[in-house]
Amino acid sequence: MKLLGLDYGDRRIGVAVSDAFGWTAQGIEVVQRRDDDSHMRRIAELAALHEVEEVVVGLPKNMNGTIGPRGELCIEFAESLRELLGLPVHLWDERLTTVSAERTLLEADVSRKKRKQVVDKMAAGLILQNYLDSKSNR
């Protein structure tokens with residue numbers, strides 16, 4: 001069963017997809033958010049293209065575990081996706097995934113311009129991989 005992982009941001013949405021066995025996640029694209037909701041159509045296209053059966057959306061919680069305004073926006077986004085795709089949509093605690101992705105890219109000496117292009121899909125891959133790992137440990 002394939003899953004789609006999403007890192008929802010103010011301007012961009014990182015997208016990752018799992019392999020057919022649900023073992024590994026791979027960042028595939030960064031979708032630009034638009035006022036006309038074309039980003040939602042693109043996510044629907046990617047879900048169909050990759051034949052995903054479930055979606056995982058990163059939920060940015062505060063360090064104390066509470067959900068702030070950013071988290072509320074992600075919850076609304078997840079609900080919109082659930083309606084649009086007709087698929088199960090899971091929220092997954094994403095605290096520090098973007099920080100981790102940035103750190104990895106810095107350690108790999110990736111230029112600032114290239115980091116900006118890939119950090120969102122890398123964060124989506126981390127969110128999805130953490131979700132997959134939690135399922136395999138049960």
(Q) Can you list everything that forms a salt bridge (Lys or Arg N to Asp or Glu O under 4.0 Å) with Asp36? Sequence neighbours excluded, please. (A) none
Q: Please report the C-alpha distance between Ile13 and Glu29 in whole Å, then the side-chain angles of each, then the deciding distance to 0.1 Å, and finally whether the side-chain contact (heavy atoms from CB on, under 4.5 Å) criterion is met.
A: CA-CA 8 Å; Ile13 302 167; Glu29 188 171 320; over 6 Å; no
Q.
If I compare all heavy atoms of Gly58 with all of Ile127, which pair ends up nearest, and what's the gap?
A. CA-CD1, 3.8 Å
(Q) Show every ring-ring contact (aromatic ring centres under 6.0 Å, His included) that has at least one partner inside residues 23-66, sequence neighbours left out. (A) Phe21-Trp23
Q. If you look at every heavy atom in Leu59 and Cys74, which pair is closest and at what distance?
A. CD1-CB, 4.3 Å
Q. At their closest point, which heavy atom of Leu87 faces which heavy atom of Val52, and how far apart are they?
A. CD1-O, 3.7 Å
Q. Taking side chain as C-beta onward, heavy atoms only, is Leu6 less than 4.5 Å from Val15?
A. yes
Q) Would you say Glu51 has more than 12 foreign heavy atoms packed within less than 6.0 Å of its CD? A) no
(Q) When you measure from the side chain of Arg33 to the backbone of Gly9, do you find a donor-acceptor pair of N or O atoms at a distance under 3.5 Å? (A) yes
Q: For residues 52-65, pull every pair meeting side-chain hydrogen bond (donor to acceptor under 3.5 Å, both in side chains), keeping only residues two or more places apart or in separate chains.
A: Glu54-His90, Asn62-Thr66, Asn64-Thr66
Q | Contacts of Asp37 that satisfy side-chain hydrogen bond (donor to acceptor under 3.5 Å, both in side chains) - sequence neighbours left out | A | none
Q. Side chains of Lys121 and Ile28: closer than 4.5 Å at any heavy-atom pair?
A. no
Q: Treating Ile, Leu, Val, Met, Phe, Trp and Tyr as nodes and any side-chain heavy-atom pair under 4.5 angstrom as an edge, say whether Trp92 and Val57 lie in one connected cluster.
A: no
**Q.** Atom of Leu132, atom of Gly22 and distance for their closest heavy-atom approach
**A.** CD2-O, 3.3 Å
Q: Could you work out the complete set of other residues in the hydrophobic cluster of Leu126, with links drawn between I, L, V, M, F, W and Y side chains under 4.5 Å apart?
A: none
Q. Should we count CZ of Arg103 as having more than 12 external heavy atoms under 6.0 Å?
A. no
Q | Interatomic distance, Ile67 atom CD1 to Asp93 atom CG [nearest 0.5 angstrom] | A | 9.0 Å
Q. Got a sec, which pairs hit side-chain hydrogen bond (donor to acceptor under 3.5 Å, both in side chains) with one end in residues 73-82, sequence neighbours left out?
A. none
Q) Say you draw a straight line from CG of Leu91 to OH of Tyr131; how long is it, rounded to the nearest 0.5 Å? A) 10.0 Å
(Q) By the ring-ring contact (aromatic ring centres under 6.0 Å, His included) test, which pairs, at least two apart or in different chains, include something from residues 101-123? (A) none
Q. Which pairs pass side-chain hydrogen bond (donor to acceptor under 3.5 Å, both in side chains) with one or both residues in residues 10-19, sequence neighbours excluded?
A. Asp10-Arg70, Arg12-Asp120
Q) According to the ring-ring contact (aromatic ring centres under 6.0 Å, His included) rule, which pairs have a member within residues 57-80, sequence neighbours left out? A) Tyr8-Phe77
**Q.** Flag side-chain contact, heavy atom, 4.5 Å: Ile43 against Leu4
**A.** yes
Q: Kindly state each residue pair satisfying salt bridge (Lys or Arg N to Asp or Glu O under 4.0 Å) with at least one member in residues 122-131, sequence neighbours excluded.
A: none
Q. Does Leu128 share a hydrophobic cluster with Val89, counting links as ILVMFWY side-chain heavy atoms below 4.5 Å and allowing steps through other members?
A. no
Q: Treat each ILVMFWY residue as a node, draw an edge where side-chain heavy atoms are under 4.5 Å apart, and state whether Ile75 and Met40 are in one component.
A: yes
**Q.** Where Gly125 and Ala25 come nearest, the two heavy atoms and their spacing
**A.** O-CB, 3.5 Å
Q. Quick one: do Val31 and Met122 end up in the same hydrophobic cluster if we chain Ile, Leu, Val, Met, Phe, Trp and Tyr together by side-chain heavy atoms under 4.5 Å apart?
A. no
